Each structure stands twice: as structure tokens, then as C-alpha cells.
Amino acid sequence: MARRPYLQPMVVLSNVLPHPALRPYVNHYFLLHMDLKSVPAGQRIKPFPPDADQVLYFYPRSDVKTVVPDTAETRVNASSIFVGQQTSRINLHFGEDHLIICVCFRAGFLHQFLGKLPLTAFQGKEVSAEDLTDNRIRDLNDQLRAETDYWRMLRLIDVYLRQSIARISVDLQPIDRAIVAMKKARQSLSLDWLADQACLSPRQFERKFMERMGMSPKFYARIARFDQAYKLKVSNPTLDWLDVAYSCGYFDFSHLVRDFRQFAEVTPSMLLAQELASPDYHILRV
């Protein structure tokens with residue numbers, strides 16, 4: 001594979017903490033701005049398999065397109081989108097002036113942020129934030145497009161989120177802590193144990209979990225484990241795949257391969273090669 005020209009990022013702001021009032025609900029912000037004018041359009045592609053996060057993305061500059069590999073369906077993303085729980089792999093096609101701002105919510109919180117909208121309502125697809133919230137998000141999109149200071153962009157989003165959360169009745173329950181435990185766990189957690197932690201019966205836990213996450217606890221646990229394995233390997237490319245499997249609680253390597261084929265539609269090595277070829281990989285590693 002031909003080596004890409006080195007690209008100097010305009011800016012990378014990673015794992016930026018939100019205002020203290022938001023930290024029970026928002027894990028962090030991430031901002032990346034890249035000048036990709038010298039990169040051919042066919043090379044501005046990033047594989048994006050399912051992960052365990054619920055996210056609000058902003059694209060204030062060039063359009064970002066979502067391409068479904070199986071069907072070649074192409075969707076041009078809105079200026080801001082909510083992503084619930086992905087269940088299959090997509091490819092992202094970046095524009096020439098690629099600016100992305102990511103709000104990573106606490107697992108399960110998006111349900112409450114959107115007025116207790118069941119996450120099954122848009123499972124597997126991105127949805128324009130302007131279609132799910134009030135006009136303030138449209139004003140925010142306009143402000144972000146006009147802004148040139150990256151930290152002011154994050155402050156604008158911070159203010160918007162604080163105002164939005166102040167308007168809703170947030171009711172964090174034991175099940176919300178159980179969901180976070182599932183996301184972080186490196187070993188299998190039984191449904192009975194999770195239900196007990198949530199002060200619910202197993203049946204009640206499954207129903208409430210489906211509302212918050214858009215899928216069953218068992219399926220989400222698989223995605224969370226796959227997400228851990230993929231991110232561990234991406235951050236440590238020399239780590240042996242078998243060590244990755246055992247570190248993330250897989251019974252053996254064949255079970256890891258099964259999940260990669262289901263969620264990424266390719267083998268682990270093929271997905272890693274596609275990630276290494278994406279335009280932002282080396283930038284995020286410097």
C-alpha cells in the first residue's frame with residue numbers, strides 16, 4: 001500500500017472535559033480539524049464499525065458522507081447529528097476541510113437528553129439534531145460555522161448543553177450506573193447481577209435497557225467488548241491479536257473473529273489495515 005503524505009493537523013483537542021455541571025452526563029469532547037485538500041477524495045475514507053458510545057457530532061465545515069458498504073447507500077450528514085447505537089459498519093467519507101466536534105455522552109443518557117425518546121426510534125442511523133431538538137441547535141450550528149477559535153466552539157457547545165439539560169427533568173437511576181458498568185467491563189456480567197445492581201427484575205431491566213440503548217443487554221455487551229478490542233489494537237498495533245482477545249474477555253480468538261465479521265464485515269487484520277490507511281490515523285497518533 002502506498003504511503004500517504006504526512007498531514008499536519010490544524011488542531012486536535014482530545015478528551016476535553018465539559019463544564020463540571022455536565023460531567024454526570026457528558027464524558028468528554030473531541031475536536032479534530034484537518035486540511036485534506038491534497039488527499040484524493042477516494043482516499044479520504046475512514047472505516048467506522050459499531051462502538052459503545054452515544055454521540056452528538058458537529059460538522060461545521062465540509063460535508064461528511066456516510067456510505068453503507070453492503071448496499072453502497074450514501075447519505076450526506078447534516079451539520080449536527082445524533083448517533084444512537086450503531087449495529088453495523090459504515091464508512092465515513094471526509095470533505096476537503098474536515099472539522100469534526102464530538103460530544104460523547106455517558107452511556108444511556110441520550111434517551112433522557114432527547115425527552116426519553118426510545119433509542120429504538122433511530123437505531124443504526126444518524127439523525128439530524130435539528131429534527132430532534134428545538135431551534136437553538138440551528139442557531140448553534142450557525143455560530144460554529146462562523147467561529148474560528150476552537151476553544152470558543154467548545155464553549156458554545158458547553159453552554160448549549162447546560163441550557164438544554166436545565167430544561168429537562170434528568171432522573172439518573174441505578175440502571176444508568178449498571179449500563180456504564182457494562183460499557184467498562186472486561187468480563188461478562190450476568191443479567192441477574194446487572195438487574196440486581198439496577199434494583200430491577202431481569203425482565204424490567206431488559207425492557208428499560210432497550211429504551212435507553214435501543215437493543216438488548218446481551219447484544220450491547222458484545223458491541224462493548226468488540227469496541228474495547230478494536231480500540232486496544234488500534235492504539236497498540238504491535239499487540240498480538242490473541243492477547244487482545246484475552247485482554248477484552250473473549251473466550252478465544254475465534255470468538256473475536258466472529259464479532260469482527262459481524263460488526264465490521266471483515267477480519268480483524270483487514271479492519272486494522274483499513275484504519276491504518278484512513279487520513280486521520282497517523283495524525284491522531286503523533
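If you're wondering where the values come from, they're calculated on a predicted model, not measured in any experiment.
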Quiz item: Is there a side-chain contact between His93 and Arg44 (heavy atoms, below 4.5 Å)?
Solution: no
Self-check item: Glu130 and Asn141 side chains, donor-acceptor separation under 3.5 Å
Solution: yes
Self-check item: Side chain Asp53, main chain Val55, donor-acceptor under 3.5 Å
Solution: no
Self-check item: Mutual orientation of the aromatic rings belonging to Phe209 and Phe205 [parallel < 30°, tilted 30-60°, perpendicular > 60°]
Solution: tilted
Quiz prompt | Residues His33 and Asp97: side-chain donor-acceptor under 3.5 angstrom | solution = yes
Quiz item: Between the main-chain N or O of Val67 and the side-chain N or O of Asn91, is there a donor-acceptor pair closer than 3.5 Å?
Solution: no
Practice problem: State, without any angle test, whether Gln173 and Asp171 hold a side-chain donor-acceptor pair at a distance under 3.5 Å. | Solution: yes
Quiz item: With a 4.0 Å cut-off, would you call Asp142 and Arg138 a salt bridge?
Solution: no
Exercise. Look at atom NZ of Lys184 and say whether more than 12 heavy atoms of other residues, nucleotides or ligands are closer to it than 6.0 Å.
Key: no
Quiz item: When you check the gap from the basic side-chain N to the acidic O, do Arg152 and Glu147 get nearer than 4.0 Å?
Solution: yes
Quiz item: Just by modelled atom types, is the Phe48 backbone N or O under 3.5 Å from a matching donor or acceptor in the Gln86 side chain?
Solution: yes
Quiz item: Can you find a heavy atom in the side chain of Leu161 that is under 4.5 Å from one in the side chain of Val26?
Solution: yes
Practice problem: Return yes if some donor-acceptor pair links the side-chain N/O of Asn236 with the main-chain N/O of Thr238 below 3.5 Å, else return no. | Solution: no
Practice problem: Find out whether the Lys NZ or Arg CZ of Arg225 is both under 6.0 angstrom from the six-membered ring centre of Tyr250 and within 45° of the ring's axis. | Solution: yes
Practice problem: Using atom types as modelled and distance alone, determine if a side-chain donor or acceptor of Lys233 lies under 3.5 Å from a backbone N or O of Leu239. | Solution: yes
Quiz item: Do Arg222 and Gln262 have side-chain atoms, one donor and one acceptor, less than 3.5 Å apart?
Solution: yes
Quiz item: Does a donor on one side chain sit under 3.5 Å from an acceptor on the other, for Tyr230 and Glu275?
Solution: yes
Quiz prompt | Steps toward ring-ring contact (aromatic ring centres under 6.0 Å, His included) verdict (Phe263, Phe219) | solution = CA-CA 11 Å; Phe263 297 132; Phe219 196 66; 5.7 Å; yes
Quiz item: Are Trp241 and Phe260 an aromatic pair by the rule of ring centers under 6.0 Å?
Solution: yes
Quiz item: Can you check salt bridge (charged side-chain N to carboxylate O under 4.0 Å, His left out) on Arg89 and Asp70, steps first, answer last?
Solution: CA-CA 9 Å; Arg89 177 247 183 90; Asp70 278 350; over 6 Å; no
Quiz item: Ion pair present between Asp139 and Arg145, side-chain N to carboxylate O less than 4.0 angstrom?
Solution: no
Self-check item: Leu140 and Leu156, any side-chain heavy atoms less than 4.5 Å apart
Solution: yes
Exercise. For the residue pair Thr267 and Arg261, establish whether any side-chain heavy-atom pair is separated by less than 4.5 Å.
Key: yes
Exercise. State whether the side chain of Asp158 and the backbone N or O of Tyr160 hold a donor-acceptor pair below 3.5 Å, judged by distance alone.
Key: no
Practice problem: Indicate the atoms forming the closest heavy-atom contact of Leu119 with Gly214, along with that distance. | Solution: CB-N, 3.6 Å
Quiz item: Is the backbone N or O of Pro40 less than 3.5 Å from a side-chain atom of Gln43, with the two atoms forming a donor-acceptor pair by type?
Solution: no
Quiz prompt | Co-membership, hydrophobic cluster, residues Val159 and Val103, 4.5 Å side-chain | solution = no
Practice problem: Using modelled atom types only, decide if a donor and an acceptor are shared between the side chain of Arg212 and the backbone of Gly108 within a distance under 3.5 Å. | Solution: no
Quiz item: At their closest point, which heavy atom of Leu36 faces which heavy atom of Gly95, and how far apart are they?
Solution: CD1-O, 3.7 Å
Quiz prompt | Transitive ILVMFWY side-chain link Met210 to Leu110, under 4.5 Å | solution = no
Practice problem: Kindly say whether the aromatic ring centers of Phe105 and Phe113 come within a distance under 6.0 Å. | Solution: yes
Quiz item: Taking atom CG of Leu13 and atom SG of Cys102, what is their separation to the nearest 0.5 Å?
Solution: 12.5 Å
Self-check item: Heavy-atom pair of closest approach, residues Leu271 and Ala264
Solution: CD2-CB, 3.6 Å
Practice problem: Spell out, yes or no, whether Phe94 and Val12 are grouped together once hydrophobic residues are joined by side-chain heavy atoms under 4.5 Å, including indirect joins. | Solution: yes
Exercise. Determine the minimum heavy-atom distance between Leu56 and Ser80, stating which atoms define it.
Key: CD1-CB, 4.5 Å
Exercise. Could you tell me whether Arg106 and Asp176 have a side-chain N and a carboxylate O separated by less than 4.0 Å?
Key: no
Practice problem: Of all the heavy-atom pairs spanning Pro69 and Glu265, show the shortest one and how long it is. | Solution: CB-OE1, 4.0 Å
Self-check item: Heavy-atom side-chain contact between Gln197 and Leu189 under 4.5 Å
Solution: no
Quiz prompt | Closest contact, heavy atoms only, Ala224 versus Ala52 | solution = CA-CB, 3.9 Å
Quiz item: Do the side-chain N and O atoms of Asp280 and Ser278 include a donor-acceptor pair separated by under 3.5 angstrom?
Solution: yes
Quiz item: With hydrophobic residues grouped by side-chain heavy-atom distances under 4.5 Å, do Val234 and Val266 end up in a single group?
Solution: yes
Self-check item: Beyond-backbone contact of Lys183 with Ile179, side-chain heavy atoms, under 4.5 angstrom
Solution: no
Quiz prompt | Interatomic distance, Asp51 atom CG to Cys104 atom SG [nearest 0.5 angstrom] | solution = 8.0 Å
Self-check item: pair Ile101-Leu154: side-chain heavy atoms closer than 4.5 Å
Solution: yes
Quiz item: Do Val180 and Leu17 share a hydrophobic cluster, counting only Ile, Leu, Val, Met, Phe, Trp and Tyr and linking them when any side-chain heavy atoms are less than 4.5 Å apart?
Solution: no
Exercise. In plain terms, say whether Glu96 and Arg61 are close enough for a salt bridge, that is, a side-chain N and a carboxylate O under 4.0 Å apart.
Key: no
Self-check item: Beyond-backbone contact of Phe30 with Val16, side-chain heavy atoms, under 4.5 angstrom
Solution: no
Exercise. Assess the side chains of Gln228 and Arg186: does a donor N or O sit below 3.5 Å from an acceptor N or O?
Key: yes
